[in-house]
Colleague: 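Structure below; questions to follow.
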Amino acid sequence: MASPGDPSSDGVRTWRPSPARRKVNVVGANKGLWDWALDAYARQPVAEACLHLQDAHGQNVPYLLWAAWMAEQGRAADLKIAAGVMRGWDRDVGAPLRGVRRALKPPRPPVDEIGKEAFRDAVKAVELQGERVLMESLEALAGPPTAPASLVEGLVAAAEASGDPPRRAALERLAQALQTAHG
């Protein structure tokens with residue numbers, strides 16, 4: 001079972017995974033975060049659990065997928081720094097792009113629907129590229145892989161570090177979806 005590390009003398013909270021009770025290969029060993037996340041998110045129960053955490057609990061999907069990848073690979077990182085990177089990026093880049101994309105979803109007469117949808121697709125592509133930039137930034141904070149750790153505990157530790165954790169059950173749903181889709 002993974003657990004958050006004890007705060008260091010300077011108060012920095014670091015995720016230090018302990019070995020999981022059983023090895024769970026969620027998506028694939030030795031994959032970079034971006035490829036791992038694309039494989040994971042392509043599974044319907046994972047996408048549904050992620051969107052629920054985003055829409056009902058205000059969570060950042062790339063950050064949660066990073067936390068799951070970290071646990072699956074037994075990597076350590078300073079969660080306070082990672083959460084700060086995520087919050088700043090989401091506030092300034094991710095949330096505004098998501099807002100524009102969502103604003104373009106309903107019909108907007110007299111705006112041409114075909115043109116609007118093409119524009120929405122372009123915004124969606126930029127939003128996805130932004131998520132990739134965030135994930136690459138988070139991946140750079142991760143230490144080397146070790147023994148796999150508990151997905152739930154990794155997700156909980158990351159969500160707590162972000163400052164506004166959802167109910168544990170919502171994180172357990174994502175962990176279960178990841179394990180079911182790839183176990």
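Just so you know, these numbers use all the heavy atoms, side chains as well, and skip hydrogens, waters and symmetry mates. Note that this is a predicted model, so its numbers are computed, not measured.
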Colleague: To the nearest 0.5 Å, tell me how far Ser137 OG sits from Ile81 CD1.
Modeller: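 If we round to the nearest 0.5 Å, Ser137:OG and Ile81:CD1 are 13.0 Å apart.
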Colleague: I need the minimum non-hydrogen distance between Gly143 and Arg75, along with the two atoms involved.
Modeller: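 What the structure gives for the nearest pair is O-NH1, 2.9 Å.
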Colleague: To check you understand the geometry: which heavy-atom pair defines the closest contact between Cys50 and Val61, and what is its length?
Modeller: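 Shortest heavy-atom contact: O-CG2, 3.5 Å.
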Colleague: Not counting sequence neighbours, which residues clear side chain to side chain donor-acceptor pair (under 3.5 Å) with Lys124? List them please.
Modeller: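 With neighbours one apart ignored, the set is empty.
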Colleague: Rounded at 0.5 Å granularity, tell me how far CD in Glu139 sits from CH2 in Trp36.
Modeller: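 So the CD of Glu139 and the CH2 of Trp36 are separated by 11.5 Å.
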Colleague: With side chains defined as the heavy atoms from C-beta onward, is the minimum distance between Val85 and Leu134 less than 4.5 Å?
Modeller: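 The answer is yes; the side chains approach within 4.5 Å.
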Colleague: Applying salt bridge (charged side-chain N to carboxylate O under 4.0 Å, His left out), can you list everything that pairs with Asp55, at least two apart in sequence or on another chain?
Modeller: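 Applying salt bridge (charged side-chain N to carboxylate O under 4.0 Å, His left out) to Asp55 gives Arg102.
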Colleague: Can you check whether Val156 reaches Pro165 side chain to side chain, under 4.5 Å on heavy atoms?
Modeller: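 SC-SC contact between Val156 and Pro165 ruled out.
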Colleague: Can you name the nearest heavy-atom pair linking Ala175 to Val152, along with the distance?
Modeller: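 Scanning both residues, the minimum pair turns out to be CB-CG2, 3.5 Å.
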Colleague: If every non-hydrogen atom of Leu178 is compared with every non-hydrogen atom of Ala68, which pair is closest and at what distance?
Modeller: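 What the structure gives for the nearest pair is CD1-CB, 3.6 Å.
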Colleague: Working to the nearest 0.5 Å, report the span between CG of Asn60 and CG of Asp164.
Modeller: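 One gets 12.5 Å once the value is rounded to the nearest 0.5 Å.
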Colleague: If you define the side chain from C-beta out and look only at heavy atoms, does anything of Glu113 sit under 4.5 Å from Pro107?
Modeller: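 Answer yes - side chains close enough.
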Colleague: Has the side chain of Trp89 got a donor or acceptor atom that lies under 3.5 Å from a matching backbone atom of Gly130?
Modeller: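 Checking the backbone N and O of Gly130 against the side chain of Trp89, a donor-acceptor pair under 3.5 Å is found.
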Colleague: Checking the side chain of Arg43 only, and the main-chain atoms of Thr180 only, is there a donor and an acceptor separated by less than 3.5 Å?
Modeller: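 Not confirmed, Arg43 side chain does not pair with Thr180 backbone.
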Colleague: Between Trp69 and Met135, is there a side-chain heavy-atom distance shorter than 4.5 Å?
Modeller: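 They are not in side-chain contact.
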Colleague: Please report the interatomic distance CG(Asp121) to NZ(Lys116), rounded to the nearest 0.5 Å.
Modeller: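 Result: 9.5 Å between the selected atoms.
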Colleague: Specify the closest pair of heavy atoms between Ala77 and Ala142, including all atoms of both residues, with the distance to one decimal.
Modeller: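 That closest heavy-atom pairing would be CB-CA, 4.3 Å.
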Colleague: So, taking the atom named CG in Leu79 and the one named CE in Met86, what distance separates them when rounded to the nearest 0.5 Å?
Modeller: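 Leu79 CG to Met86 CE: 10.5 Å, rounded to 0.5 Å.
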Colleague: For Arg120, which residues count as a salt bridge (charged side-chain N to carboxylate O under 4.0 Å, His left out) partner, sequence neighbours excluded?
Modeller: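 In terms of salt bridge (charged side-chain N to carboxylate O under 4.0 Å, His left out), with neighbours along the sequence ignored, Arg120 is linked to no residue.
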Colleague: Any donor and acceptor pair, going by atom type alone, linking the side chain of Tyr63 with main-chain N or O of Ala158 inside 3.5 Å?
Modeller: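 Yes, because the side chain of Tyr63 sits within donor-acceptor range (under 3.5 Å) of the backbone of Ala158.
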Colleague: Can you list the residues that meet the side-chain contact (heavy atoms from CB on, under 4.5 Å) rule with Gln59, with sequence neighbours excluded?
Modeller: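 Checked Gln59 against side-chain contact (heavy atoms from CB on, under 4.5 Å); matches are Leu53, His57, Leu64, Ala159, Ser162, Pro166.
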Colleague: State plainly whether one hydrophobic cluster holds both Val111 and Leu104, where clusters connect Ile, Leu, Val, Met, Phe, Trp and Tyr through side-chain heavy atoms under 4.5 angstrom apart.
Modeller: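 No, no single cluster joins them.
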Colleague: Run the side chain to side chain donor-acceptor pair (under 3.5 Å) test against Arg98 and tell me which residues pass, sequence neighbours left out.
Modeller: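 Arg98 satisfies side chain to side chain donor-acceptor pair (under 3.5 Å) with Asp90 once adjacent residues are dropped.
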Colleague: List in chain and number order the residues that pass side chain to side chain donor-acceptor pair (under 3.5 Å) with Arg132, two or more places apart in sequence or in another chain; answer none if no residue qualifies.
Modeller: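 Arg132 satisfies side chain to side chain donor-acceptor pair (under 3.5 Å) with Glu136 once adjacent residues are dropped.
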Colleague: Looking at CD of Glu160 and NZ of Lys80, how far apart are the two atoms once the value is rounded to the nearest 0.5 Å?
Modeller: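 The NZ atom of Lys80 is 15.0 Å from CD of Glu160, to the nearest 0.5 Å.
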